[in-house]
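A quick note: this is a predicted structure, and the numbers were derived from the prediction, not measured. First the proteins, then the strands, lettered A, B, ... as listed; each starts at 1.
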Number of protein chains: 2
Amino acid sequence: MTTVEEPARSGGRLRDAARTRAEILDVATKEFARAGYAGARVDEIAARTRTTKRMIYYYFGGKEQLFTAVLERAYSVIRQAEQELDVEHLDPVAAIRRLAELTFDHHEEHPDFIRLVSIENIHEAEHIAASEELARIGSPALDVISRILESGRKSGLFTADVDAVDLHAMISSFCFFRVANRHTFGALFGRDLVAADQREHYRAMLGDMVIAYLTADRTAD
Amino acid sequence: MTTVEEPARSGGRLRDAARTRAEILDVATKEFARAGYAGARVDEIAARTRTTKRMIYYYFGGKEQLFTAVLERAYSVIRQAEQELDVEHLDPVAAIRRLAELTFDHHEEHPDFIRLVSIENIHEAEHIAASEELARIGSPALDVISRILESGRKSGLFTADVDAVDLHAMISSFCFFRVANRHTFGALFGRDLVAADQREHYRAMLGDMVIAYLTADRTAD
DNA sequence: CTACTAACTATCCAGTGGGTTAATTAGCCG
DNA sequence: CGGCTAATTAACCCACTGGATAGTTAGTAG
């Protein structure tokens, strides 16, 4: 996320389209994540920017397209992180655990992204569907998972019959729920799923779960 | 106005406070689940009801309290379902699998409830926190899980060191994600997590995952 | 039957919110 | 330096929205 925090136009040009655009996106990301799509206010986004509301319409066209642009940028960040995955030099068990941990870390570090995804699901992914950019790209992580799974299955370590997409769903669900539902879960069960001192506990739990699933002894069935 | 416009208020009296209240809650549940808290319109809720907008303020006080009432009723439904859990006559492994499957089924059958929970998390569970009713009650399922875990650990079948709350989180995360994130997941990865012909696949996957985690051979660590 | 109250209807209102019109200026190119 | 355009600003618009006011009627207790 290319955060713009220039101290009030000092140094740079007064009129910088790229900077203005980026600043609007930064503020809009926070505002949409905070209040939801309908709850976010274009006026409020403009007010927190060094520009005016008219600029939002000038650059993005409207609230809907602004939200789509926010989503596109948010997804591009995780796509990029996934492209830097480097776990294939490890043995399959260690590689999967490492991958799960990286997913875990990424979710923890980007709560705004998780909120945006929740919001987009409330709207039935209509903005993703309308975005060529988002509809096109898949997930680099899937290729990595595929290769690890294949190698693990070949060596006889992995017994589970899953494909990369399903395993990705399994890993994501745990990471996503922990961050996305921490408020209702905390309020109802009195346990903070993202408490700092429980971080390692849940990180290990995720890895244990995925490895146990993949390597379970299925001859006993 | 003698011309009858309505099918004359099914059955009962014309003025029925309980029926009117319930009808408002029904419609409000759908509307909030559909559009989010800020996106839902009090006018729209009223219009879909046989009563008027004024009645919403008469019975609930305002939009915020209406949403809280919607949440309270939604949670009371799952609380009730959990109270009917009857799995403790099974052996621990079968009991946990059955419990996971019931959770799986409940999530699938109540997509509106899942949406409301997502929405409430966007608002950081402020309505739950403000509701005595919701803050008070826990989850009957937790007691059931506790007892199964204890019996499974005593008999040496379960090796994992988890408590009921964490196991509940693990099971819920899979079930919740599958329903809540089906739109973005489907749009990005081209896989419908709630496709009817994949239902048994994911149901089994959940059970396998939880059992594998609980019974994994931990001597090899 | 009467009177009283809970249940209900009709209508209005002030603030808000997404979007727009039109005028202004910085920066660059020749 | 003059002129052109992208970037920017200020002010306005009006449909909508949560909420409020005030008046009306069904049901019932006595």
Side-chain angles (χ1 to χ4, degrees), chain A residues 4 6 8-28 30-32 34-70 119 123 126-127 130, chain B residues 1-28 31-32 34-70 119 123 126-127 130:
Chain A
V4 178
E6 305 253 322
R9 312 205 170 184
S10 63
R13 325 156 16 136
L14 261 69
R15 306 193 157 198
D16 186 333
R19 215 253 351 260
T20 302
R21 244 190 88 101
E23 191 183 356
I24 292 172
L25 279 179
D26 284 342
V27 175
K30 283 182 207 139
E31 186 64 7
F32 279 124
R34 190 186 63 78
Y37 176 76
R41 300 284 168 245
V42 178
D43 281 306
E44 180 65 22
I45 293 170
R48 295 194 188 195
T49 301
R50 279 199 237 83
T51 50
T52 60
K53 180 163 66 156
R54 186 64 186 83
M55 284 293 93
I56 292 173
Y57 289 88
Y58 181 67
Y59 283 116
F60 298 96
K63 191 182 185 184
E64 202 107 10
Q65 294 102 302
L66 175 60
F67 183 70
T68 303
V70 164
I119 292 161
H123 297 279
E126 62 180 55
H127 305 94
Chain B
M1 196 163 301
T2 48
T3 35
V4 184
E5 352 73 20
E6 297 285 320
R9 306 223 164 170
S10 53
R13 327 152 15 130
L14 259 71
R15 309 197 153 195
D16 186 334
R19 217 253 350 259
T20 302
R21 246 188 87 101
E23 190 183 357
I24 292 172
L25 279 179
D26 284 343
V27 175
E31 186 64 6
F32 280 123
R34 189 185 64 77
Y37 175 75
R41 299 288 167 240
V42 178
D43 280 308
E44 181 64 23
I45 293 169
R48 294 195 188 194
T49 301
R50 278 201 235 83
T51 49
T52 62
K53 182 165 63 155
R54 186 64 189 84
M55 284 294 94
I56 293 174
Y57 289 88
Y58 181 69
Y59 283 116
F60 298 97
K63 191 184 184 181
E64 202 107 10
Q65 294 103 301
L66 175 60
F67 184 70
T68 302
V70 163
I119 292 160
H123 297 278
E126 61 180 54
H127 305 94

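- Take Tyr37(B) and apply the side chain to side chain contact (heavy atoms under 4.5 Å, CB included) test, not counting sequence neighbours, and it matches Phe32(B), Lys63(B), Glu64(B), Phe67(B), Ile119(B), His123(B).
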Report each atom pair, protein N/O against N/O of nucleotides 3-5 of chain C, whose distance is under 3.5 angstrom.
none

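- Going from atom CD of Glu31(B) over to atom C1' of dG18(D) covers 14 Å, rounded to whole Å.
- Looking at residues two or more places apart in sequence or on another chain, you find no salt bridge (Lys or Arg N to Asp or Glu O under 4.0 Å) involving Arg54(A).
- For the pair Leu66(A) CG and dG17(C) C1', the computed distance is 15 Å after rounding to whole Å.
- Taking atom CD of Glu64(A) as the reference point, atom C1' of dG18(C) lies 12 Å away to the nearest angstrom.
- Phosphate proximity of dA7(C) to Tyr58(B): present, with a side-chain N or O under 4.0 Å from OP1 or OP2.
- Every residue meeting the side-chain hydrogen bond (donor to acceptor under 3.5 Å, both in side chains) condition with Asp43(A), not counting sequence neighbours, appears here in chain and number order: Lys53(A).
- For DNA chain D, the neighbouring residues in residues 36-45 of chain B, judged by any heavy atom under 4.0 Å, are Ala40(B), Arg41(B), Val42(B), Asp43(B).
- The separation between Tyr57(B) atom OH and dC12(C) atom P is 18 Å, rounded to whole Å.
- Counting only residues at least two apart or on different chains, no ring pair (Phe, Tyr, Trp, His ring centres under 6.0 Å) pair has a member in residues 39-66 of chain B.
- Taking atom NZ of residue Lys63(A) and atom P of nucleotide dT20(C), one finds them 14 Å apart after rounding to whole Å.
- Between the CZ atom of Arg50(A) and the P atom of dA10(D) there is a distance of 15 Å, given to the nearest Å.
- Side-chain contact between Val42(B) and Leu66(B): absent, with no pair of heavy atoms (C-beta onward) separated by less than 4.5 Å.
- For Thr52(A) and dA10(D), the shortest distance from a side-chain N or O to OP1 or OP2 is not below 4.0 Å.
- Thr51(B) contributes atom OG1, which lies 8.5 Å from atom CZ of Arg19(B) (distance to the nearest 0.5 angstrom).
- Listed by chain and residue number, Arg73(B) satisfy the salt bridge (Lys or Arg N to Asp or Glu O under 4.0 Å) test with Asp26(B) (two or more places apart in sequence, or in another chain).
- Every residue two or more places apart in sequence or in another chain that forms a side chain to side chain contact (heavy atoms under 4.5 Å, CB included) with Ala38(B) is listed here: Ala38(A).
- Shown here are the side chain to side chain contact (heavy atoms under 4.5 Å, CB included) partners of Val27(B), two or more places apart in sequence or in another chain: Ile45(B), Arg48(B), Thr49(B).
- For Lys53(A) against dG18(C), a side-chain N or O and a base N or O form a donor-acceptor pair under 3.5 Å.
- Between Arg19(A) atom CZ and dA26(C) atom P the separation is 15 Å, expressed in whole Å.
- In this structure, of dG19(C), dG19(D), dA10(D), it is dA10(D) that holds the atom nearest to the side chain of Arg54(A).
- Between the CZ atom of Arg21(A) and the C1' atom of dA7(D) there is a distance of 14 Å, given to the nearest Å.
- The phosphate of dC8(C) (OP1 or OP2) has a side-chain N or O of Tyr59(B) nearer than 4.0 angstrom.
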